[in-house]
Amino acid sequence: MDGQRLKYGLHDSIGFHASFAARLVERRVEDGLRRFGLTRVGWCILLAVAEEGLKNPSDIAAFVGIDRTATSRALRALETEGLITRAIGKEDRRMTEVSMTDTGYDRMIQAVPICSENMNHFNAKLTVAERSELKRLLAKLCAGEGGSD
């Protein structure tokens, strides 16, 4: 090299700060969900099925914000645990329909306080206006990037 050194400035990166914050939030909720035998992704899938009425794995993947491979892996784990069932579609036999079991619903309900407390913990660090602005800015960063716009 010619003596000049390029410097990236990791801590100046939006990506670094966004990833670091996301890992903190995820780690804290994962620690709580572990007591119920759930992962954050598994919990989100249970919500997609129970609260949003989603049955199609592609729709569930889009709602949770993960790819189909990760969704299939998580669905397999939830099915093994007896929390969901998967069946061939009634109207279109090429489709898979996901349903919640009673055990899955009970487990999801038991985990609500953990997830609510985690959300409240981080929400309390910001004012209502700051939370709104942060969500707006994060949505702006994600717009047009192939995720949920």
Side-chain angles (χ1 to χ4, degrees), residues 1 4-86 89 95-149:
M1 296 217 11
Q4 287 194 340
R5 191 174 132 230
L6 296 177
K7 185 170 179 177
Y8 177 72
L10 180 65
H11 292 179
D12 293 330
S13 164
I14 292 171
F16 171 82
H17 291 284
S19 296
F20 187 78
R23 282 192 309 273
L24 286 174
V25 173
E26 289 172 1
R27 189 176 314 128
R28 194 171 189 280
V29 78
E30 290 269 0
D31 288 346
L33 288 172
R34 196 172 297 118
R35 289 183 276 179
F36 301 100
L38 292 171
T39 64
R40 183 186 57 81
V41 169
W43 156 257
C44 292
I45 288 173
L46 293 177
L47 288 176
V49 175
E51 292 190 348
E52 302 299 318
L54 302 177
K55 294 185 175 301
N56 178 290
S58 294
D59 294 338
I60 292 168
F63 176 79
V64 175
I66 57 176
D67 63 40
R68 276 294 313 255
T69 302
T71 303
S72 293
R73 190 170 36 251
L75 288 171
R76 192 168 28 260
L78 291 169
E79 187 174 36
T80 298
E81 288 288 316
L83 306 180
I84 59 125
T85 60
R86 292 186 287 179
M95 301 297 288
T96 299
E97 286 188 7
V98 178
S99 298
M100 177 88 69
T101 65
D102 289 341
T103 302
Y105 187 79
D106 291 345
R107 188 92 51 97
M108 183 194 73
I109 294 299
Q110 290 172 341
V112 167
I114 296 296
C115 296
S116 294
E117 190 282 327
N118 191 61
M119 181 174 51
N120 292 338
H121 172 81
F122 288 101
N123 280 345
K125 295 181 177 209
L126 301 171
T127 66
V128 172
E130 288 170 334
R131 286 193 305 267
S132 178
E133 180 67 358
L134 178 59
K135 286 190 268 186
R136 185 188 72 75
L137 291 171
L138 290 171
K140 186 174 183 176
L141 284 174
C142 295
E145 297 297 330
S148 304
D149 293 333

Could you tell me which residues satisfy side-chain hydrogen bond (donor to acceptor under 3.5 Å, both in side chains) with [X], sequence neighbours excluded, listed by chain and number?
X: Ser19; value: none
X: Gln110; value: none
X: Arg86; value: Glu79

Show the nearest heavy-atom pair for residues [X] and [Y], with the distance to one decimal.
X: Gly82; Y: Thr103; result: O-CB, 3.8 Å
X: Phe16; Y: Leu10; result: CB-O, 3.4 Å
X: Cys44; Y: Phe63; result: O-CE2, 4.2 Å
X: Thr96; Y: Pro57; result: O-CD, 3.3 Å

Is the number of heavy atoms from other residues, nucleotides or ligands under 6.0 Å of [X] [atom1] greater than 12?
X: Asp102; atom1: CG; result: no
X: Ile14; atom1: CD1; result: no
X: Tyr105; atom1: OH; result: no

For [X], enumerate each residue passing the side-chain contact (heavy atoms from CB on, under 4.5 Å) test, keeping only those at least two apart in sequence or located in another chain.
X: Phe20; result: Arg23, Leu24
X: Ser116; result: Val112
X: Leu134; result: Leu126, Leu138
X: Lys125; result: His121, Phe122

To the nearest 0.5 Å, tell me how far [X] [atom1] sits from [Y] [atom2].
X: Thr101; Y: Met108; atom1: OG1; atom2: CE; result: 11.0 Å
X: Asn120; Y: Cys115; atom1: CG; atom2: SG; result: 11.0 Å
X: Leu83; Y: Ser99; atom1: CG; atom2: OG; result: 13.0 Å
X: Ile45; Y: Leu38; atom1: CD1; atom2: CG; result: 10.5 Å
X: Asn123; Y: Asn118; atom1: CG; atom2: CG; result: 9.5 Å

Below 3.5 Å, can you tabulate the donor-acceptor pairs from side chains in residues 68-77 to any protein atom, sequence neighbours excluded?
| unit_1 | atom_1 | unit_2 | atom_2 | d |
| --- | --- | --- | --- | --- |
| Arg68 | NH1 | Ser58 | OG | 2.8 |
| Thr71 | OG1 | Asp67 | O | 2.9 |
| Ser72 | OG | Arg68 | O | 3.1 |

Option passing salt bridge (Lys or Arg N to Asp or Glu O under 4.0 Å) with Glu133 (candidates Lys135, Arg136, Arg131):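 Option passing the salt bridge (Lys or Arg N to Asp or Glu O under 4.0 Å) with Glu133: Arg136.
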message: Show me the pairs that pass salt bridge (charged side-chain N to carboxylate O under 4.0 Å, His left out) and involve residues 50-64, at least two apart or across chains.
response: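 As it turns out, there is no salt bridge (charged side-chain N to carboxylate O under 4.0 Å, His left out) pair with a partner in residues 50-64 once direct neighbours are skipped.
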- prompt: Can you list every salt bridge (charged side-chain N to carboxylate O under 4.0 Å, His left out) pair that touches residues 26-50, not counting sequence neighbours?
  reply: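 Passing the test, one end in residues 26-50: Glu26-Arg40, Arg28-Glu117, Asp31-Arg34.
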field: Audit row: Ile66, Ile60, side-chain contact (heavy atoms from CB on, under 4.5 Å) steps and yes/no
entry: CA-CA 9 Å; Ile66 57 176; Ile60 292 168; over 6 Å; no
